[in-house]
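So that the names make sense, note that chain A is the first sequence line, chain B the second, and so on, each numbered from 1.
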2 protein chains.
Amino acid sequence: MARIPASERRSALVEAALRVVSRRGIAQATTRAIVAEAGMSLASFHYAFDSRDELIDELIATVVAREQQAVIPDLVPGQDLRQILESGLLRYLEHLKADPDHEQAMLELTQYALRSPERHPLAVAQYRRYAELAVHSLEIAAEAAAATWRAPVEEVAHVLVAFTDGLTLTWLVDRDDAAARAVARAAADALARMADDR
Amino acid sequence: MARIPASERRSALVEAALRVVSRRGIAQATTRAIVAEAGMSLASFHYAFDSRDELIDELIATVVAREQQAVIPDLVPGQDLRQILESGLLRYLEHLKADPDHEQAMLELTQYALRSPERHPLAVAQYRRYAELAVHSLEIAAEAAAATWRAPVEEVAHVLVAFTDGLTLTWLVDRDDAAARAVARAAADALARMADDR
DNA sequence: GTGCGACTGGGACGACCGTCCCACTTCGGT
DNA sequence: ACCGAAGTGGGACGGTCGTCCCAGTCGCAC
């Protein structure tokens, strides 16, 4: 095995862990499975990390920090706010369909963090990040549609995050595109009603 | 230990398993933990069930079948559809706050079922049940408000289920009552817009 | 080139997992 | 009263888990 500094091992192991969690679930993300995915030996694992818990915590922090704007609306001129939001949510749906395992992994990581008091802050941070991304999308959308959010945009963002979660879970269970699109449409409706035309 | 017929052991074990899953998560719901919760020995477990998997499957089927109308609107005369729906969602929120572990357990069971192809149908059945309950609530609400659903009520029900999931997840993470109420209000708004006055 | 610290491989440890076995006790039908 | 079936208890099995140890190897500074 090539000799790799511990810091690089850490990120390689985090990436491997994400792949394992996505493919097989967090319960199956054992030290041995992660190490096999990364092509290392167990010793390398515990040379880079003190414990599996430490890796999982870093995994959550990593995916949260990396989480990208999935719902960035693509701005077609002449669209009203409702249309912009709906197309943004539909784009998120396409993203979900393209890599359902990843979204399922994010959901599992949240639930995992929720299960122990000392990890709960990780879930909170995850949702704070989601909210930030949502704020950004909502500001872009309102700007493009010449609208103003009636409530603080942070509050609207909470609603968008909740709707996105609901959309995700429903689609993951039913894999019903039409139903998911209906959810997206209704959510866009609700959000658009939280703004005034300018 | 008292002698109990196997059929009664089965339901006692299922109840114990639900308590363990709620309190500590499905990963901690080991045969030994369940048996200790039920006050039995391991032998009784494997006398009543062939395997842990069999119990978990029955647990999911049981909680799904038992799932009650949580969002039944309480009908105050003179309310319009939006108000009825919002008060129903707020009642669900109170239910969630009263027993968050139970809803978290339901979410975990869904994700657990999603992780293996042969258990996926259990998750689908769970959401079909949710949809049935939602249909019922929506019909009551529309009737009381003298409104008509523009789309098939089953479609609206999907949206309600998704919104409820989002509400649940957001509150479980943030425990932010005000944010959850905002989600409920927005969801009620969106749903009400899916009906016409009659 | 030599030494030392960084890194690696493989095997082992104790704990816990799901499951099984078997001797034993209790109960209902006769 | 008794006998077979139903139910129980405790211990044991093999497997997997997270973690650890240690002898060995590599690469870099001197």
Side-chain angles (χ1 to χ4, degrees), chain A residues 1-60 105 108-109 111-113 115-116 118-119 122, chain B residues 1-21 23-60 108-109 111-113 115-116 118-119 122:
Chain A
M1 199 68 230
R3 295 181 92 75
I4 301 175
S7 62
E8 291 179 29
R9 291 255 180 224
R10 284 178 74 95
S11 48
L13 283 166
V14 166
E15 295 308 316
L18 178 57
R19 288 195 298 275
V20 173
V21 171
S22 296
R23 199 181 323 121
R24 310 213 279 141
I26 195 166
Q28 303 295 324
T30 66
T31 54
R32 283 168 178 80
I34 294 166
V35 156
E37 174 75 24
M40 301 182 193
S41 73
L42 274 173
S44 301
F45 184 105
H46 282 284
Y47 187 78
F49 289 97
D50 280 347
S51 67
R52 190 190 95 114
D53 279 354
E54 189 187 323
L55 187 167
I56 299 292
D57 288 356
E58 185 156 320
L59 169 59
I60 297 178
E108 275 189 33
L109 290 173
Q111 299 232 38
Y112 182 79
R115 269 302 170 189
S116 67
E118 67 270 24
R119 246 183 292 273
L122 290 172
Chain B
M1 201 70 233
R3 297 181 92 76
I4 301 174
S7 62
E8 291 179 27
R9 291 255 179 224
R10 283 178 75 96
S11 48
L13 283 166
V14 166
E15 296 307 317
L18 178 57
R19 288 194 297 274
V20 173
V21 172
R23 199 181 323 122
R24 310 211 282 140
I26 195 167
Q28 303 295 324
T30 65
T31 54
R32 283 168 178 79
I34 293 166
V35 155
E37 174 75 24
M40 302 182 192
S41 75
L42 275 172
S44 301
F45 184 105
H46 281 285
Y47 187 78
F49 289 97
D50 280 347
S51 68
R52 190 191 96 115
D53 279 353
E54 189 186 323
L55 181 147
I56 298 293
D57 289 356
E58 185 155 322
L59 169 59
I60 297 178
E108 275 190 35
L109 290 174
Q111 299 233 37
Y112 182 79
R115 269 300 170 190
S116 67
E118 67 269 24
R119 245 182 292 273
L122 290 172

Heavy atoms, side chains only, cut-off 4.5 Å: are [X] and [Y] in contact?
X: F49(B); Y: V14(B); result: yes
X: E54(A); Y: R10(A); result: yes
X: L122(B); Y: Y112(B); result: no
X: L13(B); Y: E37(B); result: no

Margin query: Can you say whether a donor on the side chain of R3(B) sits under 3.5 Å from an acceptor on the base of dT25(C), or the other way round?
Written below: yes
Are OP1 or OP2 of [N] and a side-chain N or O of [X] less than 4.0 angstrom apart?
X: T31(B); N: dG18(C); answer: yes
X: S44(B); N: dG7(D); answer: no
X: S51(A); N: dG18(D); answer: no

Spacing of [X] atom [atom1] relative to [N] atom [atom2], expressed in whole Å:
X: R10(A); N: dA6(C); atom1: CZ; atom2: P; answer: 16 Å
X: F45(B); N: dG18(C); atom1: CZ; atom2: P; answer: 8 Å
X: I4(B); N: dT26(C); atom1: CD1; atom2: P; answer: 15 Å
X: Y47(B); N: dA5(D); atom1: OH; atom2: P; answer: 11 Å
X: F49(B); N: dC20(C); atom1: CZ; atom2: C1'; answer: 18 Å
X: R32(A); N: dC16(C); atom1: CZ; atom2: C1'; answer: 13 Å
X: D53(B); N: dG18(C); atom1: CG; atom2: P; answer: 10 Å
X: L13(B); N: dT19(C); atom1: CG; atom2: P; answer: 13 Å

Checklist line | First encountered from the 5' end of DNA chain D, between H46(A) and S7(B) | finding: S7(B)
Note to self: As a test of reading the structure: which of dC21(C), dC21(D), dC17(D) is closest to the side chain of T30(A), going by heavy atoms?
What the structure shows: dC17(D)
